[in-house]
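To keep things clear, I will list the structure first and then write my remarks on it.
Just so you know, these numbers come straight off a predicted model, no measurement behind them. By convention here, the first residue in the shown sequence is residue 1. Reckoned from all heavy atoms, side chains included, excluding hydrogens, waters and symmetry mates.
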Amino acid sequence: MQSYRRHVAAAIAVVLSLSAEAAEAAVTVEIVEPSNKFIESETIPVRVAASSSPDDLYYVEAEFEGLIIELTPTEDGYFEGSFDLGELGGELPYGPHVVTVDAFSAFGDWASAQRTLHRYSAPPTLAWNALPNDTLTAGWRFDAKCIPTPPYECQYLSASFASADGSVELYNDAPSSVPGRLYVKEWQSGDDYQIPSGRAYTLTVEASDGVGPVVSRTIGPIYVDRSPRLTVVQRAPGAIIDFDVTRLLVLDHRGRIAIVDRNTQAVTWLGVIPQEDAPLSAVYGALTPTGAVYQTTNGYILSWVGGNRYTVARAARLDAVNGDTVVFTTTNDDWAFAHSLGTGLANRLLWSSPGSRSPFQADIAAPGDVYFGTHESGSIVGPSGSLPVHHEGNLQRPITYGTYIAAQWWDGRRSSSYLYNLYTESGENEVFLGESITSSSVGLLLHAGYTGFLKTDGAVNQIWLRMTDGRQQQISNFTTSSQFDQAKLRVGHDGLSNVGDVLFLNDGNRYIGRPGAAPERISTDLGHGRWHGGTCYVTIGNTLFQVASTGGSPARLAATAAFAPEDGGAREVLSTSFTGDELLGAPVAVRDLHEPDALPVSSDGSELIGDGDADTGGDLAPAAAGCSASGPAGSPSGATALAAALAGLLALARRSRPRS
């Protein structure tokens with residue numbers, strides 16, 4: 001048809017005979033519609049601006065996939081028409097298609113314009129092998145891929161890991177062995193990886209097929225710690241808040257909090273944390289004999305007892321937990337209360353001082369005796385209002401174990417540490433431990449007759465240990481200040497083993513220190529370390545690690561998350577029926593979390609997950625030997641062996657002040 005029209009135009013030009021004016025005639029055509037590049041309905045409107053000089057346009061037409069239509073002039077000087085795709089006799093294939101417009105003049109000149117349209121089904125699918133709160137460990141190389149939607153091909157793929165200490169980008173825009181796809185994989189050279197350890201990252205994966213919109217997904221945090229001394233014991237469906245022999249308390253990236261049975265992997269959802277006043281990183285809590293207790297972001301303290309959730313307090317701050325006894329303060333620190341989770345008894349008032357600026361700090365000894373200190377008081381207050389400890393000025397941050405209490409005098413810049421024996425006559429029971437330079441009063445450990453404390457060497461703080469026989473030993477000797485590995489609700493206890501091994505942090509690393517030996521580096525300072533049942537553990541994100549014994553074989557864990565099926569189906573091993581039934585009440589004013597919670601700051605705060613938030617559970621990995629100074633804690637081979645190894649020590653651990 002186009003050829004016929006052109007021949008007719010040429011014939012007319014011969015009949016009229018070309019004049020000088022006609023010889024200079026020119027035709028222009030510009031497509032105004034379609035203006036976008038996607039075919040989104042069963043009709044394609046066409047609108048063009050066409051002209052010739054002189055003004056002798058003869059015919060304007062448009063062609064699309066064999067359909068040809070004449071465009072008619074409009075009053076505003078354009079030419080219009082539309083294609084009905086139903087006339088094609090079948091479904092228009094996915095992919096690029098061309099609209100061609102031709103305009104002819106009476107003098108045999110013509111012009112043509114084209115526009116490419118796309119029948120577009122979907123952008124590329126992104127896939128990668130890490131979930132929010134995952135920890136990339138030794139042997140785990142991050143990888144990602146772009147899966148195109150035919151007939152298009154992926155043009156580029158990038159995975160960017162951003163942290164406060166720097167960023168890393170994995171990028172690929174080169175053709176791969178699988179047509180249309182792109183892959184990126186973290187390179188590894190020996191023990192060196194492209195993504196540095198010791199950081200918490202926000203991951204952004206981005207890809208494009210050059211036609212549709214750029215596809216981008218951002219998740220986090222993703223942790224990286226490839227320390228060879230760490231062996232994965234278990235991965236959880238969320239960040240691990242607390243653990244014991246049989247359970248995990250976890251919080252996922254959606255704000256869902258749960259108790260996980262470590263043997264069966266059964267997940268019991270406790271509720272949804274409202275993300276209104278503070279980030280999810282502000283949530284903390286502890287497992288208890290009857291369930292769990294936790295602090296929300298909007299000032300609520302909630303408990304899970306006997307399969308039911310209860311509100312312990314509103315506009316409050318959870319300060320201490322031991323067994324089923326909890327201590328909390330109001331957000332303004334004017335009142336402090338004790339509460340028994342197991343009995344559900346009414347809150348018991350411990351302290352009242354309206355208008356006080358005191359950072360109330362408490363510790364709970366077995367069987368539920370509460371000791372606390374305040375900024376204005378020179379005494380530690382014990383059960384029934386007793387004053388077992390007194391020091392001129394003020395004492396804070398009491399830590400209890402057996403017959404001992406450790407406390408600190410602190411003026412906001414310097415601390416003096418003291419140890420007291422409750423069986424020694426008052427006035428003769430104070431032992432001065434040392435003075436430290438610190439902006440926090442969190443600088444004491446007390447366990448099994450050992451006392452860990454900070455002591456300045458005149459320039460920086462070093463770790464010291466008071467032995468059971470009263471001797472003092474220096475543990476660290478670094479040029480930068482060391483600090484204890486403290487976590488909320490576990491302050492003062494978990495950093496010491498039964499034989500006096502000390503967990504501490506220095507310059508981005510975690511160490512075990514022992515009298516008479518050089519400190520042993522065990523990991524980066526991500527997460528928190530803890531002695532439990534004579535064995536050393538570290539929790540980072542959703543991963544529970546056991547620390548290998550000195551000289552033990554390096555822990556190597558390959559990534560177990562494989563890419564999802566090609567159809568895009570995502571593995572979902574968590575409950576899909578959980579709806580997050582209710583928020584936890586109206587928001588209240590957020591407490592200014594001042595010194596009582598100013599703990600030492602560490603570096604923190606599968607598959608097809610590109611288009612959703614699929615969660616995945618982790619398989620149990622064999623537990624490594626313990627890291628006690630007395631040597632390996634047995635030869636466990638999985639969660640069952642771990643439970644067996646710890647079960648016999650659980651009673652002693654509870655009696656010696658577990659924080660669970």
Please report the closest heavy-atom contact between [X] and [Y], naming both atoms and the distance.
{"X": "Leu85", "Y": "Ser41", "value": "CD1-O, 3.7 Å"}
{"X": "Pro123", "Y": "Pro213", "value": "CB-O, 4.5 Å"}
{"X": "Arg217", "Y": "Val215", "value": "NH1-CG1, 3.9 Å"}
{"X": "Leu503", "Y": "Gly529", "value": "CD1-C, 3.5 Å"}
{"X": "Val491", "Y": "His493", "value": "O-CD2, 3.3 Å"}
{"X": "Trp140", "Y": "Ala130", "value": "CZ2-CA, 4.3 Å"}

To the nearest 0.5 Å, tell me how far [X] [atom1] sits from [Y] [atom2].
{"X": "Ile44", "Y": "Arg115", "atom1": "CD1", "atom2": "CZ", "value": "12.0 Å"}
{"X": "Ser158", "Y": "Leu182", "atom1": "OG", "atom2": "CG", "value": "10.5 Å"}
{"X": "Tyr511", "Y": "Phe478", "atom1": "OH", "atom2": "CZ", "value": "4.0 Å"}
{"X": "Lys37", "Y": "Tyr120", "atom1": "NZ", "atom2": "OH", "value": "8.5 Å"}
{"X": "Leu489", "Y": "Ile241", "atom1": "CG", "atom2": "CD1", "value": "10.0 Å"}
{"X": "Leu88", "Y": "Glu65", "atom1": "CG", "atom2": "CD", "value": "7.0 Å"}

[X]/[Y] ion pair, N-O < 4.0 Å:
{"X": "Arg247", "Y": "Asp261", "value": "no"}
{"X": "Asp143", "Y": "Lys145", "value": "no"}
{"X": "Arg181", "Y": "Glu153", "value": "no"}

Donor-acceptor under 3.5 Å ([X] side chain, [Y] main chain):
{"X": "Arg490", "Y": "Ala286", "answer": "no"}
{"X": "Thr264", "Y": "Ala266", "answer": "yes"}
{"X": "Ser303", "Y": "Val305", "answer": "no"}
{"X": "Tyr183", "Y": "Ser177", "answer": "no"}

Between [Y] and [X], do the side chains contain a donor N or O and an acceptor N or O under 3.5 Å apart?
{"X": "Ser523", "Y": "Arg510", "answer": "yes"}
{"X": "Thr218", "Y": "Thr204", "answer": "yes"}
{"X": "Asp242", "Y": "Tyr294", "answer": "no"}
{"X": "Thr135", "Y": "Asp225", "answer": "no"}
{"X": "Thr543", "Y": "Arg235", "answer": "yes"}
{"X": "Asp134", "Y": "Asn542", "answer": "yes"}
{"X": "Gln295", "Y": "Tyr300", "answer": "no"}

Within the structure provided, determine whether [X] and [Y] are in side-chain contact (heavy-atom separation under 4.5 Å).
{"X": "Pro196", "Y": "Val168", "result": "yes"}
{"X": "Ser197", "Y": "Thr524", "result": "yes"}
{"X": "Thr149", "Y": "Tyr94", "result": "no"}
{"X": "Val547", "Y": "Val538", "result": "yes"}
{"X": "Val245", "Y": "His532", "result": "yes"}
{"X": "Leu92", "Y": "His97", "result": "yes"}
{"X": "Trp531", "Y": "Asp501", "result": "yes"}
{"X": "Phe64", "Y": "Ile39", "result": "yes"}

For Thr268, what residues pass the side-chain contact (heavy atoms from CB on, under 4.5 Å) criterion, not counting sequence neighbours?
->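 Thr268: side-chain contact (heavy atoms from CB on, under 4.5 Å) contacts with Leu270, Trp304.
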Taking side-chain contact (heavy atoms from CB on, under 4.5 Å) as the test, write out the residues that go with Asp507, two or more places apart.
->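 Asp507: side-chain contact (heavy atoms from CB on, under 4.5 Å) contacts with Thr480.
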What do the steps show when you test Leu445 against Val502 for side-chain contact (heavy atoms from CB on, under 4.5 Å), and what is the final call?
-> CA-CA 9 Å; Leu445 298 175; Val502 188; 4.0 Å; yes
Looking only at the aromatic ring of each residue, does the gap between the centers of [Y] and [X] stay below 6.0 angstrom?
{"X": "Phe484", "Y": "Phe504", "value": "no"}
{"X": "Tyr152", "Y": "His118", "value": "yes"}
{"X": "Phe142", "Y": "Phe161", "value": "yes"}

When you look at Asn298 and Thr296, which way does the side-chain hydrogen bond (donor to acceptor under 3.5 Å, both in side chains) test go after all the steps?
-> CA-CA 6 Å; Asn298 64 347; Thr296 72; 2.5 Å; yes
Just do the side-chain contact (heavy atoms from CB on, under 4.5 Å) check on Leu249 and Val260 with the steps written out, would you?
-> CA-CA 6 Å; Leu249 180 63; Val260 179; over 6 Å; no
Step by step, would you call Leu230 with Thr137 a side-chain contact (heavy atoms from CB on, under 4.5 Å)?
-> CA-CA 8 Å; Leu230 296 183; Thr137 53; over 6 Å; no
Audit row: Glu42, Arg119, salt bridge (Lys or Arg N to Asp or Glu O under 4.0 Å) steps and yes/no = CA-CA 11 Å; Glu42 290 302 307; Arg119 177 113 191 276; 5.7 Å; no
So is Arg530 actually on top of Phe243's ring, under 6.0 Å and inside 45° of the axis?
->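 Yes; both conditions hold, so Arg530 lies above the ring face of Phe243.
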Report the C-alpha separation of Asn172 and Tyr156 in whole Å, then their side-chain angles, then the decisive distance to 0.1 Å, and conclude whether the side-chain contact (heavy atoms from CB on, under 4.5 Å) test is met.
-> CA-CA 6 Å; Asn172 187 14; Tyr156 80 86; over 6 Å; no
